[in-house]
Amino acid sequence: MSEFILTGKAFQHLITSIIGADSVYRIRVRGRGFSMIPFIKSRDAVILKPVDHHRGIKFGDIVAVSNREKTRAVIHRVIRSRNRCYQTKGDSNAISDSWCTIDDIIGMVDHIERTGWIPYTCSRWQNTLIAIASRTGIFTRLIYPGFIYFRDLAKKQ
């Protein structure tokens with residue numbers, strides 16, 4: 001199977017056209033980078049769905065957000081919301097992203113296609129706990145280093 005790679009404005013336009021408001025379609029994209037490790041690893045397939053405007057965007061949801069210039073998109077977790085504005089952060093990042101509005105959110109993560117110790121989809125309470133750990137910095141200081149330690153320990157045996 002061959003890959004077709006789009007970036008920047010073309011990527012933004014295509015995705016928003018496919019999973020725009022009231023769409024029933026999903027889109028499969030490959031993640032790149034390390035900001036959501038271990039929940040989304042580089043090269044995992046992330047399935048994006050349209051934002052459900054009836055449900056809204058909740059604390060702990062994982063969303064695809066475009067930057068103001070519409071040249072780049074990141075998939076990060078919502079760690080704060082206030083007056084229909086949202087702040088996101090990569091689970092393994094030390095610093096959170098700038099605030100964004102619903103217009104900056106391209107879609108929501110429906111599920112992740114991969115194998116590993118983290119389930120393909122997280123329940124509402126799991127997303128909430130992960131968002132709290134990410135927002136407070138517990139994840140980057142304790143949980144992720146522990147994951148790396150035990151992973152490396154298992155490889156040695």
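As a basis for the values below, the full set of heavy atoms in this structure was taken, side chains included, without hydrogen atoms, waters or symmetry mates.
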Spacing of OG1 belonging to T101 relative to CG belonging to N83, to within rounding of 0.5 Å: 12.5 Å
Between V46 and D110, is the side chain to side chain contact (heavy atoms under 4.5 Å, CB included) condition met? List the steps. CA-CA 8 Å; V46 178; D110 189 35; over 6 Å; no
Tested for side chain to side chain contact (heavy atoms under 4.5 Å, CB included) against M108, the lone hit among V63, I62, V78 is V63
Hey, mind stepping through R77 and K89 against side chain to side chain contact (heavy atoms under 4.5 Å, CB included) and telling me if it holds? CA-CA 5 Å; R77 190 178 307 276; K89 180 179 178 284; over 6 Å; no
Identified side chain to side chain contact (heavy atoms under 4.5 Å, CB included) counterpart of M36 within the set D91, I112, V109, D44: D91
Minimum-distance pair of heavy atoms, taken over all atoms of I106 and S66: CD1-CB, 3.9 Å
With a 4.5 Å heavy-atom cut-off, do T88 and S96 have their side chains touching? no
Looking only at non-hydrogen atoms, find the nearest pair between S81 and Y86 and report the distance. CB-CD2, 3.5 Å
Mind checking what makes side chain to side chain contact (heavy atoms under 4.5 Å, CB included) contact with R84, not counting sequence neighbours? I102
Applying side-chain hydrogen bond (donor to acceptor under 3.5 Å, both in side chains) to R55 and not counting sequence neighbours gives D61
Given the rule in the side chain to side chain contact (heavy atoms under 4.5 Å, CB included) test, do R80 and W99 qualify, once you have shown the distances and angles that lead to the verdict? CA-CA 9 Å; R80 288 185 182 88; W99 287 83; 3.7 Å; yes
Walk me through whether I105 and C100 qualify under side chain to side chain contact (heavy atoms under 4.5 Å, CB included). CA-CA 8 Å; I105 296 177; C100 65; 4.2 Å; yes
Taking all non-hydrogen atoms of both residues into account, name the closest pair between G60 and A131 and its distance. CA-CB, 3.6 Å
Of all heavy-atom pairs linking S35 and N93, the shortest is CB-OD1, 3.3 Å
Looking only at heavy atoms, what is the nearest atom pair of V51 and G107, with distance? CG2-CA, 4.1 Å
Could you work out the complete set of other residues in the hydrophobic cluster of F59, with links drawn between I, L, V, M, F, W and Y side chains under 4.5 Å apart? I132
Quick one: CD1 on I40 to OG on S92, what's the gap to the nearest 0.5 Å? 10.5 Å
D97: partners by salt bridge (charged side-chain N to carboxylate O under 4.0 Å, His left out), with sequence neighbours left out: none
